[in-house]
A.B. asks: 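First the structure, then my questions, so here it is.
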Amino acid sequence: MKHKTVKFAVAFFSFVALTMVAQQKKTIVPKTKEISVYTTADSTNLRLTLTDKLYFTAAEQPVETEISVFVAPQKTFQTFMGIGGAITDASAEVFAKLSPAKQAELLTAYYNKDNGIGYSLLRTSIHSSDFSSGSYTYIAEGDKELKTFSIAHDQQFRIPMIKRAIQIAGGKLLLYASPWSPPSFMKSNGTMLQGGTLLPQFYQAWANYYVKFVKAYEKEGMPIWGITIQNEPMATQKWESCLFTAATERDFLKKYLGPTMQKGGLGSKKIVVWDHNRDLMNQRANVIFDDPEASKYAWGMGFHWYETWAGEQPMFDNVRKVREAYPTKNLLFTEGCVERFDAKKYQFWGNAERYGISMINDFNNGTVGWTDWNILLDENGGPNHKGNFCFAPIHADSKTGELIYTPSYYYIGHFSKFIRPNAKRVSTASSRSNLLSTSFVNTDGKMVTIVMNQSSKKITYNLVVGNEKSVVTILPHAIQTLVY
């Protein structure tokens, strides 16, 4: 009996020892997970090009002389909603002039996630904006009862393009809409242009207008995710515009728009406040979100990037401060484009880098979705009925019928093609300021890290993910997406 006990003990401790050795061996075996690296770089032909297949090995303590990007997969933040652009009247009018082959090419380039960059968001306007061939509304002048309401104007160009975009995107796009101005008779200055304010006696009629729009579009088979209350409510523009102070927007939301949407059976639609620049967004958030009756109707806040003046930097930190102050509210980038169109600058790399800088900072500060402005414009940066010509990621030359892809298209694609809806942002930080980075984990478990090199030098850095690393090289003025 004693002999058996000794033999059992020896066997048991041998098993334990072997197990410990196996575990020790397991911890020191290098990982071989593959990293696919996609690159777009200045002064090269690389455009969302697969440039490398790399592998992870065991990571050691980094030293200060090395450059590293650190990813902590266990630390996750906001849920990603999507990336997209706006189909305006201008985009749709230019699109209608393209050949069938070029129309198909454009829609595939934007909305197909395999052969394009996989847009999943779409913004459009409630009647006209500056990027229309002229001002118009959906009602006859003076019709405060909205008896003449009709979206027939949009059925010529805009609606057919939106429907085709939805189809190419796989049958689903998150579609939201923004007004630039109420009809002239509802405003203090008697015109849709040059700012002015919504007259109090038309608050209810204007709230009813949103309901009419949403129902009309949905009747056409285009589900509306939500609306913003007013595009750029603190800007008096020579085109369609209307001013709302923070208090006015708050009161219109809680007394008219919110209740009217609910009574109209549209309580599930999202209402986005502000829809203007980062500079004043904190004050707008304080006024609206601190009012419980207004806040209950507000899904979150939209913002633009036009707050920068000569020599100033974008106010990225304001986005973070709103997120910190109101963590239950969502942040959505609703519009950005490069202004002051110049056809000689189609391939100007700085335009693309502006997108990369903004998108990385906005996502790292808590933004859930990002929407570019016009997805397509002509060779003049229009049409625009007030001469406010701008850049788009893709332009069409009406003389040749050709599409012109700018670097901005590819920079946006480094995000939209690889980060898919419902992904979670993951903690990411760089050890040097000339490398910007952000990461997301998709619902299928794939990690996506985007690294942007703002410098004029090639940089070799360590991608450190937990206790693993890979050595990566990024070209000057380049952006990379690493999928692993």
A.B. asks: Using side-chain contact (heavy atoms from CB on, under 4.5 Å) as the criterion, list what pairs up with Thr260, not counting sequence neighbours.
C.D. replies: Gln204, Ala207, Asn208, Val211
A.B. asks: So does Tyr136 get a backbone contact from the side chain of Ser128, meaning a donor-acceptor N/O pair under 3.5 Å?
C.D. replies: yes
A.B. asks: Which pairs pass side-chain hydrogen bond (donor to acceptor under 3.5 Å, both in side chains) with one or both residues in residues 101-112, sequence neighbours excluded?
C.D. replies: Lys102-Glu105, Lys102-Glu402, Gln103-Arg164, Glu105-Tyr405
A.B. asks: Please, which pairs that meet salt bridge (charged side-chain N to carboxylate O under 4.0 Å, His left out) have at least one residue in residues 151-161, sequence neighbours excluded?
C.D. replies: Asp89-Arg158, Asp154-Arg158
A.B. asks: Testing the 3.5 Å rule here: is there a donor-acceptor pair between the side chains of Thr438 and Thr428?
C.D. replies: no
A.B. asks: Supply the atom-to-atom distance Thr449 OG1 to Ile35 CD1, rounded to the nearest 0.5 angstrom.
C.D. replies: 8.5 Å
A.B. asks: Using atom types as modelled and distance alone, determine if a side-chain donor or acceptor of Thr148 lies under 3.5 Å from a backbone N or O of Ala140.
C.D. replies: yes
A.B. asks: Would you give the length of the straight line joining atom OG1 of Thr371 to atom CZ of Phe333, rounded to the nearest 0.5 angstrom?
C.D. replies: 8.0 Å
A.B. asks: Tell me if a side-chain donor or acceptor on Thr236 pairs with a main-chain N or O of Gly195 at a distance below 3.5 Å.
C.D. replies: no
A.B. asks: Would the distance check show the side chain of Thr124 and the main-chain N or O of Ile87 forming a donor-acceptor pair, the cut-off being under 3.5 Å?
C.D. replies: yes
A.B. asks: The criterion is side-chain contact (heavy atoms from CB on, under 4.5 Å); which residues satisfy it with Asp444, sequence neighbours excluded?
C.D. replies: Asn442, Lys446
A.B. asks: Ring-plane angle category for Trp370 and Trp305, please: parallel below 30°, perpendicular beyond 60°, tilted otherwise.
C.D. replies: perpendicular
A.B. asks: Does the side chain of Lys386 come within less than 4.5 Å of Asn384's, by heavy atoms?
C.D. replies: yes
A.B. asks: Mind checking the CE-OG1 spacing from Met301 to Thr334? Nearest 0.5 Å is all I need.
C.D. replies: 10.0 Å
A.B. asks: Test your reading of the model: is there a side-chain donor-acceptor pair from Thr39 to the backbone of Gln480, 3.5 Å cut-off?
C.D. replies: no
A.B. asks: Write out all pairs satisfying salt bridge (charged side-chain N to carboxylate O under 4.0 Å, His left out) with one or both partners inside residues 424-440, taking only residues at least two apart or from two chains.
C.D. replies: none
A.B. asks: Would you check if there is a donor-acceptor pair between the side chains of Glu240 and Ser135 at a distance under 3.5 Å?
C.D. replies: yes
A.B. asks: Judged by atom type as modelled, is there a donor-acceptor pair below 3.5 Å linking the side chain of Arg284 to the main-chain atoms of Thr245?
C.D. replies: yes
A.B. asks: Is there a donor-acceptor contact under 3.5 Å linking the side chains of Tyr484 and Ser470?
C.D. replies: no
A.B. asks: Measure across Asn374 and Ala90 and return the closest heavy-atom pair with its distance rounded to 0.1 Å.
C.D. replies: OD1-CB, 4.3 Å
A.B. asks: So, the side chain of Tyr119 versus the backbone of Ala169: is there a donor-acceptor pair under 3.5 Å, distance only?
C.D. replies: no
A.B. asks: Which residues satisfy the side-chain contact (heavy atoms from CB on, under 4.5 Å) test with Pro183, sequence neighbours excluded?
C.D. replies: His127, Thr137, Ile139, Phe185, Met186, Trp206, Tyr209
A.B. asks: Under 3.5 Å, is there a donor-acceptor pair linking the side chains of Thr197 and Lys187?
C.D. replies: no
A.B. asks: Test: salt bridge (charged side-chain N to carboxylate O under 4.0 Å, His left out). Region: residues 210-225. Which pairs qualify, not counting sequence neighbours?
C.D. replies: Lys163-Glu220, Glu218-Lys269
A.B. asks: Using the rule given for side chain to side chain contact (heavy atoms under 4.5 Å, CB included), can you reason through Leu332 versus Tyr176, listing the C-alpha separation, both sets of side-chain angles and the distance that settles it, and then say yes or no?
C.D. replies: CA-CA 11 Å; Leu332 175 64; Tyr176 68 100; 4.0 Å; yes
A.B. asks: Describe, in one word, how the ring planes of Trp373 and Phe131 are oriented to each other, choosing from parallel (under 30°), tilted (30 to 60°) and perpendicular (over 60°).
C.D. replies: perpendicular
A.B. asks: For Phe252 and Tyr203, I'd like to know if the aromatic rings sit close, meaning centre-to-centre distance below 6.0 Å.
C.D. replies: yes
A.B. asks: Under the side chain to side chain contact (heavy atoms under 4.5 Å, CB included) criterion, do Leu106 and Leu376 qualify, and how do the steps go?
C.D. replies: CA-CA 9 Å; Leu106 181 100; Leu376 177 68; 3.9 Å; yes
A.B. asks: Which atoms form the tightest heavy-atom contact between Arg354 and Val338, and what is the distance?
C.D. replies: NH1-CA, 4.2 Å
A.B. asks: Show your reasoning for whether ring pair (Phe, Tyr, Trp, His ring centres under 6.0 Å) applies to Phe77 and Phe440.
C.D. replies: CA-CA 9 Å; Phe77 303 96; Phe440 286 80; 9.9 Å; no
A.B. asks: Run the salt bridge (Lys or Arg N to Asp or Glu O under 4.0 Å) test against Glu307 and tell me which residues pass, sequence neighbours left out.
C.D. replies: Arg278
A.B. asks: Of all heavy-atom pairs between Ala298 and Phe289, which one has the smallest distance, and what is that distance?
C.D. replies: CB-CE2, 3.8 Å
A.B. asks: Which atom pair, heavy atoms only, marks the closest approach of Val94 to Ala396?
C.D. replies: CG1-CB, 3.7 Å
A.B. asks: According to salt bridge (charged side-chain N to carboxylate O under 4.0 Å, His left out), does anything in residues 309-318 pair up with another residue at least two apart or in another chain? List the pairs.
C.D. replies: Asp317-Arg320, Asp317-Lys321
A.B. asks: Decide yes or no on side chain to side chain contact (heavy atoms under 4.5 Å, CB included) for Lys417 and Val483, but give the supporting numbers first.
C.D. replies: CA-CA 11 Å; Lys417 185 176 180 67; Val483 182; over 6 Å; no
A.B. asks: With sequence neighbours excluded, what pairs up with Glu335 under the salt bridge (Lys or Arg N to Asp or Glu O under 4.0 Å) test?
C.D. replies: Arg123
A.B. asks: Give the intermediate values and the outcome of side chain to side chain contact (heavy atoms under 4.5 Å, CB included) for residues Leu377 and Phe341.
C.D. replies: CA-CA 11 Å; Leu377 293 172; Phe341 176 79; over 6 Å; no
A.B. asks: Judged by atom type as modelled, is there a donor-acceptor pair below 3.5 Å linking the side chain of Arg420 to the main-chain atoms of Gly118?
C.D. replies: yes
A.B. asks: Would you name the heavy atoms of Ser178 and Asp275 that are closest together and state the gap between them?
C.D. replies: OG-OD2, 3.5 Å
A.B. asks: Mind listing the closest non-hydrogen atom pair of Cys242 and Ser181 along with its distance?
C.D. replies: CB-CA, 4.3 Å
A.B. asks: Does any donor atom in the side chain of Lys97 or Ser398 lie under 3.5 Å from an acceptor atom in the other side chain?
C.D. replies: no
A.B. asks: Check side chain to side chain donor-acceptor pair (under 3.5 Å) between Asn330 and all other residues, then give those that pass, not counting sequence neighbours.
C.D. replies: none
A.B. asks: Will you find, in the side chains of Tyr411 and Asn351, an N or O donor that is under 3.5 Å from an N or O acceptor?
C.D. replies: no
A.B. asks: Any chance you could measure Ile271, atom CD1, to Leu266, atom CG, to the nearest 0.5 Å?
C.D. replies: 9.5 Å
A.B. asks: Examine Phe316 together with Phe363 and report whether their ring centres are nearer than 6.0 Å.
C.D. replies: no
A.B. asks: Please confirm whether the backbone N or O of Pro393 pairs with a side-chain atom of Thr406, one donor and one acceptor, at under 3.5 Å?
C.D. replies: yes
A.B. asks: For Asn453 and Leu475, indicate whether the former's side chain and the latter's backbone hold a donor-acceptor pair under 3.5 Å.
C.D. replies: yes
A.B. asks: Rounded to the nearest 0.5 Å, what separates atom CD1 in Ile159 from atom CZ in Phe157?
C.D. replies: 12.5 Å
A.B. asks: Under 6.0 Å between the ring centres of Tyr38 and Phe418?
C.D. replies: yes
A.B. asks: Can you tell me how far CG of Leu48 sits from OG1 of Thr481, rounded to the nearest 0.5 angstrom?
C.D. replies: 7.0 Å
A.B. asks: Taking only residues two or more places apart in sequence or in another chain, which ones pass salt bridge (Lys or Arg N to Asp or Glu O under 4.0 Å) with Lys147?
C.D. replies: none
